[in-house]
Trainee: 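Would you mind keeping the following structure in view while I ask a few things?
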Amino acid sequence: MMEGTAGVSGHRRPDEALLDDAALLAERDPGGMLRHTASAGAQVRESAALAAEANLSVLADDGRPRAVVIAGIGTAGRTGDVLATVAGPRCPVPVIPHRSAGVPGWVGAADVVIAVSASGRSPEALGAAEAAHRRGARLVAVGAPDSQLQSVAERARAPFIPVPRRAPARASLWALTVPVLLAARTLGLVKVNEADLAETAARPDADADRCRPTAESFVNPAKSLALGLSGSIPIVWGSSPLATVAARRFGDTLSANARYPVVAGALGEAGRGRVGLLDGVFGGLAEGERDIFADPGDDESDGTRLRLVLLRDGGLNADDDTDEPLAVEERRADAVQTLAERRGVRCDVVTAEGGSALERLASLVAVPDFASIYLALAHGLDPMAVPAITEMKELANQ
């Protein structure tokens, strides 16, 4: 157990037995991150209903925009990646995620800005909303009710979609994402129908049941994934643009919830350089020098090694508009699994399921989200309270 002046506590070695003690899990998760994560399906349904109550139809009055900018940071910023990916390469206008304050210099009256902030007070979203209003761009705001962001939207007479503050932003991905998608649908940029939303909500509901705290590790995919990752340096690669969004999301949650350093990104990009990590000092070299007769609990012999997580978008429809043919993505994914096997680097695979892009994304996000929390709890870390984040904000605002 380590306890420092910054309030950091936990233990380096995971307590595997804890994961099968539901009562102790609840005790170690006082903020209810497991419960919040299990609400993903409910978030889809609730945010769709709240978006329907907002006056999004005014967005369509001026026709198709020149471009759409999604402004936000952290999980809010990921909503822009989701929209860009769901809209796909044939989207009639550019969809541009923007993660800094203000908006790009070219934004004007011909454009739409979607400002997203779970708290409704992030400088990035507020700055973007105010800049959009000044420049005459159409604005949509997504955030906490009765917040600064809502005030800006009201001044601009722009649609505002409330996100009830029941969970931290990183556990509110779907509450933030669905309003962004429905705003884009109003603009004619994506095809998301009611059946897609219903199926997308049902998918995390089913995964929440499979990953529930009372399900033991040998039948719980999230606990199994967490135990496999424990003590490793995770590499998370997505086989397609959609799977890459999920891979980066897993990198976010592993870093914030479990405090693990992560390499995350697109498998195609990795094949031009980062796949060399499999040969390195934490990959093939470490495995080649390992003493197979050593005690696994011996720190000297049981050094940190890579663990590969491959997110495969196996549910692609044949008529989807994709950057690359499905066969190319599948061959690349097979190849990296073979490379890892040859170097003794263990690999976990999560394969997408579902018909729509949105449902497939939900199927790739749910189990890893739970795994990041179980990994935190196994190390005695509170997945909700992150002292470094709080301290960083305090120091930056002095």
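This one's a predicted model, so the numbers in the text were calculated from it and none came from an experiment. Position 1 is the first residue of the sequence, and the numbers go up from there.
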Trainee: Is there a donor-acceptor contact under 3.5 Å from the side chain of Tyr260 to the main chain of Gly251?
Mentor: no

Trainee: At their closest point, which heavy atom of Pro65 faces which heavy atom of Val68, and how far apart are they?
Mentor: CG-CG2, 3.9 Å

Trainee: Does Thr200 form a side-chain contact (heavy atoms from CB on, under 4.5 Å) with Trp174? I'd like the steps, not just the answer.
Mentor: CA-CA 10 Å; Thr200 300; Trp174 293 104; 4.1 Å; yes

Trainee: If you define the side chain from C-beta out and look only at heavy atoms, does anything of Val309 sit under 4.5 Å from Pro368?
Mentor: no

Trainee: So does Arg312 pair up with Asp334, basic N to acidic O under 4.0 Å?
Mentor: yes

Trainee: Give a yes or no on whether Leu267 and Leu278 share a hydrophobic cluster (residues Ile, Leu, Val, Met, Phe, Trp, Tyr; joining criterion: side-chain heavy atoms under 4.5 Å apart).
Mentor: yes

Trainee: Please walk me through it: do Leu187 and Arg138 pass side-chain contact (heavy atoms from CB on, under 4.5 Å)?
Mentor: CA-CA 11 Å; Leu187 294 165; Arg138 279 175 279 175; 3.8 Å; yes

Trainee: Would you confirm whether Lys223, through its side chain, and Phe370, through its main-chain N or O, come within 3.5 Å as a donor-acceptor pair?
Mentor: no

Trainee: At their closest point, which heavy atom of Val93 faces which heavy atom of Arg66, and how far apart are they?
Mentor: CB-O, 3.6 Å

Trainee: What I'd like to find out is whether the side chain of Glu124 reaches to under 4.5 Å of the side chain of His98, using heavy atoms alone.
Mentor: no

Trainee: Closest heavy-atom contact between Ala125 and Ala115?
Mentor: O-CB, 3.6 Å

Trainee: Hydrophobic clustering (ILVMFWY, side-chain heavy atoms < 4.5 Å, transitive) - are Val86 and Val112 grouped together?
Mentor: yes

Trainee: Does a side-chain N-to-carboxylate-O contact under 4.0 Å join Asp313 and Arg360?
Mentor: yes

Trainee: Name the one of Val262, Val263, Val345 that satisfies side-chain contact (heavy atoms from CB on, under 4.5 Å) with Ile235?
Mentor: Val263

Trainee: I'd like to know if the side chain of Ser230 reaches the main chain of Leu227, judged simply by a donor and an acceptor atom lying under 3.5 Å from each other, with no hydrogens or angles considered.
Mentor: yes

Trainee: Is it true that a side-chain atom of Arg135 and a backbone atom of Gly105 form a donor plus acceptor pair closer than 3.5 Å?
Mentor: yes

Trainee: What closest approach, in Å, do Ser122 and Ser117 show between heavy atoms, and which atom pair accounts for it?
Mentor: N-OG, 3.3 Å

Trainee: Judged by modelled atom types alone, do Glu154 and Gln150 share a side-chain donor-acceptor pair under 3.5 Å?
Mentor: yes

Trainee: Determine whether a donor-acceptor pair (N or O, by modelled atom type, separation under 3.5 Å) exists between the side chain of Asp196 and the backbone of Leu358.
Mentor: no

Trainee: Can you name the nearest heavy-atom pair linking Ala175 to Ser47, along with the distance?
Mentor: O-CB, 3.7 Å

Trainee: So do the side chains of Val349 and Cys347 get within less than 4.5 Å of each other, counting heavy atoms only?
Mentor: yes

Trainee: Is a side-chain N or O of Asn220 found less than 3.5 angstrom from the main chain of Pro213, in a donor-acceptor match?
Mentor: no

Trainee: Between the main-chain N or O of His11 and the side-chain N or O of His379, is there a donor-acceptor pair closer than 3.5 Å?
Mentor: yes

Trainee: According to side chain to side chain donor-acceptor pair (under 3.5 Å), does anything in residues 362-377 pair up with another residue at least two apart or in another chain? List the pairs.
Mentor: Arg249-Asp369, Asn257-Ser372

Trainee: Let me see the working for Leu308 and Leu306 under side-chain contact (heavy atoms from CB on, under 4.5 Å), right down to the final yes or no.
Mentor: CA-CA 6 Å; Leu308 177 60; Leu306 299 180; over 6 Å; no

Trainee: How far apart are the C-alpha atoms of Glu394 and Thr390, what are their side-chain angles, what is the distance that settles it, and do they pass the side-chain contact (heavy atoms from CB on, under 4.5 Å) test?
Mentor: CA-CA 6 Å; Glu394 291 172 352; Thr390 304; 3.7 Å; yes

Trainee: Are Arg28 and Asp15 within salt-bridge range, i.e. N to O under 4.0 Å?
Mentor: no

Trainee: Could you see if Ile373 belongs to whatever hydrophobic cluster contains Leu254? Use Ile, Leu, Val, Met, Phe, Trp, Tyr and a side-chain cutoff under 4.5 Å.
Mentor: no

Trainee: Quick one, Gln43 with Ser39, criterion side-chain hydrogen bond (donor to acceptor under 3.5 Å, both in side chains). Give me CA distance, side-chain angles, the key distance, then yes/no.
Mentor: CA-CA 6 Å; Gln43 288 180 33; Ser39 75; 3.1 Å; yes

Trainee: Is the backbone of Val245 close enough, under 3.5 Å, to the side chain of Asp81 for a donor and an acceptor to pair up by distance?
Mentor: no

Trainee: Tell me every residue that passes side-chain contact (heavy atoms from CB on, under 4.5 Å) with Thr186, counting only those two or more places apart in sequence or in another chain.
Mentor: Leu56, Leu59, Ala60

Trainee: For residues Leu339 and Ile233: do they belong to one hydrophobic cluster (side chain heavy atoms under 4.5 Å, members Ile, Leu, Val, Met, Phe, Trp, Tyr)?
Mentor: yes

Trainee: Indicate the atoms forming the closest heavy-atom contact of Leu182 with Ala48, along with that distance.
Mentor: CD1-CA, 3.9 Å

Trainee: Are more than 12 heavy atoms from other residues, nucleotides or ligands located less than 6.0 Å from atom CZ of Arg342?
Mentor: no

Trainee: Taking C-beta and beyond as the side chain, do Met33 and Pro168 meet within less than 4.5 Å on heavy atoms?
Mentor: yes

Trainee: Please report the interatomic distance CG(Leu375) to CZ(Arg259), rounded to the nearest 0.5 Å.
Mentor: 10.5 Å

Trainee: Do side-chain atoms of Arg170 reach the backbone of Met384 as a donor and acceptor pair under 3.5 angstrom?
Mentor: yes

Trainee: Is there a side-chain contact between Leu377 and Asp29 in this structure, where contact means two heavy atoms from C-beta onward sitting under 4.5 Å apart?
Mentor: yes

Trainee: When you measure from the side chain of Arg332 to the backbone N and O of Glu329, does any donor-acceptor pair fall under 3.5 Å?
Mentor: no

Trainee: In Å, rounded to the nearest 0.5 Å, how long is the span from CG of Leu176 to CD1 of Ile114?
Mentor: 12.5 Å

Trainee: Quick one: does Pro179's side chain get under 4.5 Å of Leu50's, heavy atoms only?
Mentor: no

Trainee: Distance check, rounded to the nearest 0.5 Å: Leu173 atom CG versus Thr253 atom OG1?
Mentor: 10.0 Å

Trainee: Counting only heavy atoms not in Arg274 (residues, nucleotides, ligands), do more than 12 fall under 6.0 Å from its CZ?
Mentor: no

Trainee: If you group Ile, Leu, Val, Met, Phe, Trp and Tyr by side-chain heavy-atom gaps below 4.5 Å, do Leu139 and Ile73 land in one group?
Mentor: no

Trainee: Atom OG of Ser172 and atom CZ of Arg166: how far apart are they, to the nearest 0.5 Å?
Mentor: 10.0 Å

Trainee: To the closest 0.5 Å, what do you measure between CZ (Arg78) and CG (Leu83)?
Mentor: 14.0 Å

Trainee: For the atom pair CG (Asp348) and CG (Leu310), what is the distance rounded to the nearest 0.5 Å?
Mentor: 10.0 Å

